[in-house]
Trainee: 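Quick one: this structure, given as structure tokens, is what I'll be asking you about.
Labels below follow one simple rule: chain letters A, B, ... track the order of the sequence lines, proteins then strands, and each chain is numbered from 1. Quantities reported herein were computed from a predicted structural model and do not represent experimental measurements.
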Amino acid sequence: MEAPAANVEHVRVEDEMEQSYIDYAMSVIAGRALPDVRDGLKPVHRRVLYAMHEMGITSGASHRKCSSIVGETMGDYHPHGDQPIYNTLVRMAQEFSLRYPLVDGQGNFGSMDGDPPAAMRYTEARMAPIAEELLSDIERDTVDFQSNYDDRLTEPEVLPAKLPNLLLNGSSGIAVGMSTNIPPHNLREVVDATTHRIDNPDCDVEELMEHIKGPDFPTGASIVGKDAIYSAYATGRGRIRMRAEYEVERSESGADRIVVRELPYQENKARVVERIAEDVNEGVIEGVSDLRDESDREGVRIVIDLKRGANADVVENQLLEHHLESTFGVINLALVDGQPRVLTLAETLDHYVEHRKEVVRRRSKHDLDEAKDRAHILEGRLEAVDKAEAIVNLVTESADREQAQEVLEGNVDPRTLDVDLDYPEVQSSFDFSEEQAEHILRMQIGSLTSMEAGEIEEEYEEIQAEIEYLESVLASEEKLLGVIKDELRELREKYGDDRRTAILEDEGEVTHEDLIPEEDNLVVITEQDYIKRMPAAEFDPQRRGGKGIIGSDPKEGDRVSKVFRANSHDYLCCFTNQGQVYRLKTYEIPEMSRTARGKSAINLIDLDDGEEITAVVNTDEFDEDECITMVTRRGYVKRTCVTEFDNILSTGIIAAKLDEGDELVDVEVTDGTGDLVIATEGGMTIRFDEDEVREMGRSARGVRGIDLEAGDAVAGMVSTDDDDGRALLTVTKNGYGKRTPLSEYRPQSRYGKGLVDIKTDDRNGRVTTVKAVEENDHIVVMSEAGQIMRCPVAEISTVGRNTKGVIVMEVEGDDRVASVTVVPGDASK
Amino acid sequence: MKALLERGHVYATRPPLYRIRYRGETYDAMTDEERDRIIAEKCNGKPDQVQRFKGLGEMNPTQLWETTMNPETRHLKQITVEDAAAADRMFSVLMGDAVEPRKEFIKEHAPEAEWVDI
């Protein structure tokens with residue numbers, strides 16, 4: 001590229017990035033994604049409504065094509081895409097999206113099932129009456145206007161908003177580095193709280209909550225628990241639990257049904273039905289014989305028929321847990337003076353009241369100016385009627401209109417003019433203003449009748465009263481607030497309706513433990529932290545050497561990292577490669593089908609990037625004098641008393657300090673009397689007395705357990721007693737394995753090179769892990785690509801140490817064995 | 001991308017924000033201040049037309065040539081890498097997986113925003 005000489009500035013990439021990013025971020029925050037606290041609208045909403053206002057598409061006008069509204073909005077005010085504008089228009093018309101729709105739509109505006117609206121060339125719209133209340137008085141100098149994007153027109157910076165729209169309709173939006181999510185509310189309650197706040201500016205949240213019971217969603221349903229509502233109002237944040245409205249219809253014949261009539265806000269009905277169907281088909285929800293969506297134009301109706309004899313309570317609870325409840329995470333973030341702020345309920349109301357004070361003050365000032373102008377004209381007319389003859393005489397005698405006007409204004413003494421006047425005294429004393437003089441000269445002769453004079457008198461008195469009233473409003477804050485309250489109450493009468501969302505007491509955190517069958521589960525985790533559990537009983541034992549069946553479906557680029565057995569009621573300690581430990585109840589892990597990928601573990605465990613669960617132990621098995629024994633990839637081993645793991649925070653705690661680059665590989669619960677066997681990827685093992693590793697605190701690094709060859713790393717560890725009769729099962733990456741009695745591994749001293757366990761040649765590949773197994777155990781082997789196989793240990797013949805082993809599971813292509821776990825053979829199947 | 005930056009091959013174009021027409025003459029302005037100055041000094045305060053470019057798509061091919069392409073008249077910013085580590089840090093704050101540093105960055109630098117599009 002030829003070097004451009006002139007007009008080239010040099011800028012460092014980080015500076016350019018910084019400046020561009022902050023410009024972009026602030027544009028989105030202040031100009032796109034967040035609503036203004038005063039009118040509850042984002043710019044795109046405001047522009048659509050203002051464009052409709054300018055087009056005269058009020059609630060009394062006939063509907064107009066949405067395409068023309070979108071076109072006007074885009075061409076005059078909003079230089080963005082047509083689809084986002086149309087989506088905004090559509091959403092404002094959806095009765096299930098806005099508690100008080102601002103647009104009255106004609107045609108197909110989409111459905112709760114997520115059906116899209118008809119194209120904008122088919123649909124029509126006009127303002128809903130309530131939208132006119134947001135715009136009302138906009139012509140009366142109530143708000144500031146700014147230039148539109150091409151400096152051709154002006155647009156309002158905010159609407160006068162006769163109603164507190166931010167609370168009525170709520171808002172949601174994702175900006176950069178922050179987002180907002182404000183629930184809708186009931187109009188009567190919001191008006192009551194606003195007027196209460198005006199009268200009691202120091203009132204607290206409890207008082208406000210006597211009026212505003214909580215959010216009121218357009219789709220009805222109910223809210224469970226008042227704590228979250230309180231938190232949302234007191235702090236601006238809270239997680240509100242919404243629950244569908246349903247009935248359990250008991251029937252004589254024993255086949256009950258559950259009928260859902262209302263869904264939580266923003267739930268897609270079709271998807272809810274689909275998800276229930278999935279869970280029924282996969283056996284997660286049992287006892288359902290039929291599922292139908294009987295919703296029609298009258299409303300929602302999802303019917304769930306139960307099998308004869310099915311326990312309705314169990315099904316109901318399962319439905320509640322997975323499908324009929326959802327959370328509305330309140331973030332009451334709005335723009336205050338162009339700056340994003342998280343607001344309490346009281347602050348939200350205060351900002352609205354301040355806005356209304358400004359609007360009503362400016363409107364009163366504007367009206368007062370107009371009234372004074374009118375009074376001034378009327379004064380002139382009254383005087384003109386009084387001096388009618390003199391004026392008529394002046395006009396008829398004047399050379400032209402200008403001359404007459406000059407005399408009326410008292411600029412010219414008529415006696416100096418060459419005219420013949422009948423009332424020179426009166427006519428030379430005229431002192432009308434310019435406006436009055438003009439008006440008089442435009443008066444019709446007929447308006448000089450005495451009847452019309454009486455009417456002028458009357459109007460003048462009315463205007464005087466109005467001036468007095470407006471001046472009093474402007475002079476008294478109390479009166480100004482009175483006007484605001486009166487107007488709010490008027491709209492409360494006009495638009496108020498009953499609350500749709502019921503607010504229920506929380507019957508205490510429902511734990512579903514009693515409803516969850518106690519069974520062995522297989523938990524599968526992928527490298528990218530997708531996690532799920534499946535009942536172990538779903539997997540039939542297979543002969544060794546097969547390919548297994550699909551046990552997970554990791555997405556492109558992801559792979560299975562760990563499979564382990566856990567009872568559904570177990571309280572697990574999950575150790576990660578980074579030496580952290582977290583707690584988890586097995587049943588909190590979503591139970592999903594064999595072919596499912598799993599859910600992101602982020603909701604369960606707060607794992608860092610690159611952090612993986614490498615070992616899991618069940619805390620129910622803990623005895624106070626037992627130890628957690630850990631081994632790292634580089635061969636460090638340490639023991640820490642289980643009591644040190646009593647208080648595991650939700651963000652995890654440290655279990656072992658690791659050298660840079662080292663990882664925690666395996667964990668065993670031991671009682672201090674046995675031996676440890678550490679196995680390496682290269683096929684070496686070392687067995688030594690556990691006592692050789694003294695107990696240490698959680699944050700210690702440990703001592704060396706095995707002297708690794710260069711390039712070798714620890715694969716796993718088991719603990720054993722002298723004569724427990726178990727065997728060491730070794731499985732390699734390529735799916736080969738062998739079983740050797742643990743007694744064949746002779747105890748040595750800690751930190752030796754150890755003995756050869758298995759040959760890690762090209763056929764076998766390196767060692768995946770080792771397990772201590774009994775004769776009637778089953779093992780579950782899982783590959784990185786998600787193939788899973790359950791195989792009785794007895795299938796794998798017992799051989800001596802330092803042998804090659806046999807094929808356990810056939811792995812195809814570049815797939816490898818990811819993980820192995822042991823399932824008791826007699827527990828199920 | 002990194003190699004392109006290091007070799008100085010990456011430029012940002014700086015098309016004018018406004019085009020002002022007055023009595024057959026056209027003037028380009030890069031900023032609001034420049035626009036106001038041109039209107040006051042060159043147009044007697046009464047320009048015939050002020051056009052605000054919202055994107056390159058708004059320009060005719062000749063306009064695009066004059067404002068953005070012509071080496072004689074265009075304005076460019078050459079994006080350079082002087083301190084690769086500093087650049088790296090900035091990229092990971094702005095586009096990395098962690099949200100917190102980004103939030104902090106926005107909070108800290110919010111007042112420095114120049115071209116806020118409202």
Trainee: Can you give me the closest heavy-atom contact between A:M52 and A:I69, atom names plus distance?
Mentor: CG-CG2, 3.6 Å
Trainee: A:T348 and A:T344: which non-hydrogen atoms are nearest, and at how many Å?
Mentor: OG1-O, 2.7 Å
Trainee: Closest heavy-atom contact between A:G81 and A:M74?
Mentor: C-SD, 4.1 Å
Trainee: Which one, B:K77, B:K103, B:Q51, B:R14, leads in non-hydrogen pairs under 4.5 Å with chain A?
Mentor: B:K77
Trainee: Which atoms of B:F53 are under 4.5 Å from chain A, going by heavy atoms: the side chain, the backbone, both sets, or neither?
Mentor: neither
Trainee: Which atoms of B:R7 are under 4.5 Å from chain A, going by heavy atoms: the side chain, the backbone, both sets, or neither?
Mentor: neither
Trainee: Which atoms of A:E18 are under 4.5 Å from chain B, going by heavy atoms: the side chain, the backbone, both sets, or neither?
Mentor: both
Trainee: In chain order, what residues pass the side-chain hydrogen bond (donor to acceptor under 3.5 Å, both in side chains) check against A:N148, with sequence neighbours excluded?
Mentor: A:D150
Trainee: Per the side chain to side chain donor-acceptor pair (under 3.5 Å) rule, what does the pair list look like for residues 80-102 of chain B, sequence neighbours excluded?
Mentor: none
Trainee: For B:L5, is it the side chain, the backbone, both, or neither that has a heavy atom closer than 4.5 Å to a heavy atom of chain A?
Mentor: side chain
Trainee: Between B:M90, B:Q78, B:H109, who has the most heavy-atom pairs with chain A when the cutoff is under 4.5 Å?
Mentor: B:Q78
